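Before any comments, here is the structure.
Because the structure is a prediction, the values reported are computed rather than measured.
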Amino acid sequence: MSLRAGLDHAAVIQAAAELADTKGWDSLTLAALAEHLNIRAPSLYNHVAGLEGLRRDLAVLGYRELGACLARATIGKARDEAVFALANAYRAFARQHPGLYVAASRAPDPTNQEAQTAAGEVVEIVVAVLAAYGLRGDAAIHTTRALRSALHGFVMLEANAGFGIPLDLDESFRQMVQLFLLGLQQQTHT
């Protein structure tokens, strides 16, 4: 195995994302990525700053792709329709990109401006959706955290076969979002 011609940072990160999505976040190692790319593991250091750097770069990609997914889903929608669209897009992203989802589920490194910006854009999308309910400032952030917690809990339970009762998961998800909206409406009296 030797350094592949045309291999660059973006191609390495994309290959790592594919590997994390298919094999699992915890299975992502430099050795596994090198094998996937048909190169020697030390060659990866030409493109990433070790496993930690690779994971940081994957987090940025995850934030960006999640943000793009949420933005596409919510454009032109408002209030409950926008929240349902956002929730469904969030769940779809977690299902389609389980490795990237894990990478993007952690708070961004406070010393990494690129990660801070990309993660901040995801938060801005949610805050913009919630603005239709009159939420601003700290109230919008608290509500964003509550929504994220509900969605994250559901998608992680679903991904880890945490729902054992044979009942329609799509309906459970819909009802969870509806309950969130009822609480939101009660809180904001709108």
Side-chain angles (χ1 to χ4, degrees), residues 8-30 32-33 36-37 44 47-75 77 82-131 135 138 140-163 169-170 173 176-177 180:
D8 61 10
H9 178 263
V12 168
I13 299 307
Q14 191 57 50
E18 292 166 9
L19 192 60
D21 285 345
T22 58
K23 301 291 185 189
W25 177 254
D26 292 331
S27 298
L28 180 63
T29 64
L30 292 180
L33 179 58
H36 180 71
L37 289 168
L44 287 171
H47 306 290
V48 295
L51 184 59
E52 185 178 320
L54 176 66
R55 289 181 182 244
R56 273 194 312 267
D57 293 345
L58 281 172
V60 171
L61 179 63
Y63 302 137
R64 286 185 178 145
E65 290 197 9
L66 176 59
C69 181
L70 299 180
R72 281 190 306 273
T74 57
I75 193 113
K77 296 176 180 72
V83 172
F84 267 108
L86 183 136
N88 287 324
Y90 187 98
R91 183 180 180 207
F93 180 83
R95 285 172 153 181
Q96 293 166 359
H97 302 287
L100 270 185
Y101 175 76
V102 171
S105 68
R106 295 181 170 99
D109 177 350
T111 64
N112 183 330
Q113 187 57 50
E114 186 179 21
Q116 288 286 322
T117 299
E121 290 169 359
V122 175
V123 173
E124 288 173 13
I125 293 164
V126 180
V127 167
V129 166
L130 295 174
L135 294 167
D138 289 352
I141 297 302
H142 290 307
T143 306
T144 296
R145 286 177 174 171
L147 179 57
R148 178 182 180 215
S149 296
L151 296 174
H152 177 74
F154 193 98
V155 301
M156 291 308 292
L157 283 166
E158 184 176 34
N160 293 306
F163 296 116
L169 285 178
D170 293 337
F173 187 79
M176 180 194 69
V177 176
F180 176 85

Side chains of [X] and [Y] in contact at under 4.5 Å (non-hydrogen atoms):
X      : Y      : result
Leu37  : Leu44  : yes
Glu114 : Arg56  : no
Arg148 : Val126 : no
Val123 : Ile141 : yes

For a salt bridge (Lys or Arg N to Asp or Glu O under 4.0 Å) check, start with the C-alpha distance between Asp109 and Arg55, then their side-chain angles and the critical distance, and finish with the verdict. CA-CA 11 Å; Asp109 177 350; Arg55 289 181 182 244; over 6 Å; no

Do Asn160 side-chain atoms and Gly162 backbone N/O form a donor-acceptor pair below 3.5 Å?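 Answer holds: no.
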
Counting only N and O atoms by type, is there a donor-acceptor contact under 3.5 Å from the side chain of Asp21 to the main-chain atoms of Leu100?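 It does hold such a pair.
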
Point-to-point distance, once rounded to the nearest 0.5 Å, from [atom1] of [X] to [atom2] of [Y]:
X      : Y      : atom1 : atom2 : answer
Asn112 : Asp57  : CG    : CG    : 8.0 Å
Phe163 : Phe173 : CZ    : CZ    : 10.0 Å
Asp138 : Thr144 : CG    : OG1   : 11.0 Å
Ser105 : Leu151 : OG    : CG    : 13.0 Å
Glu65  : Leu58  : CD    : CG    : 10.0 Å
Ile13  : Leu54  : CD1   : CG    : 5.0 Å

Test: Glu121 and Arg64 ion pair at under 4.0 Å: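 Not counted as a salt bridge, because no side-chain N and carboxylate O are separated by less than 4.0 Å.
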
Locate the shortest heavy-atom distance separating [X] from [Y]; write the atom from each residue and the value.
X      : Y      : value
Ser27  : Ala32  : O-CB, 3.9 Å
Ala82  : Thr74  : O-CG2, 3.6 Å
Val127 : Ala140 : CG1-CB, 4.1 Å

Here's one to test your reading of the geometry: is the NZ or CZ of Arg91 within 45 degrees of the ring axis of Phe154 and under 6.0 Å from its centre?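 No, Arg91 does not lie over the aromatic ring of Phe154.
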
Arg145, CZ atom: more than 12 neighbouring heavy atoms under 6.0 Å: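 Counting other residues, nucleotides and ligands, CZ of Arg145 stays at 12 neighbours or fewer.
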
Do Glu18 and Lys23 pass the salt bridge (Lys or Arg N to Asp or Glu O under 4.0 Å) test, and can you show the C-alpha distance, the side-chain angles, and the key distance before you say yes or no? CA-CA 8 Å; Glu18 292 166 9; Lys23 301 291 185 189; over 6 Å; no

Please test Asp26 against Val102 for side chain to side chain contact (heavy atoms under 4.5 Å, CB included), starting from the C-alpha separation and ending with a verdict. CA-CA 10 Å; Asp26 292 331; Val102 171; over 6 Å; no

Tell me whether the rings of Tyr101 and Tyr90 are parallel (<30°), tilted (30 to 60°) or perpendicular (>60°).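 The arrangement is perpendicular - the two ring planes meet at more than 60°.
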
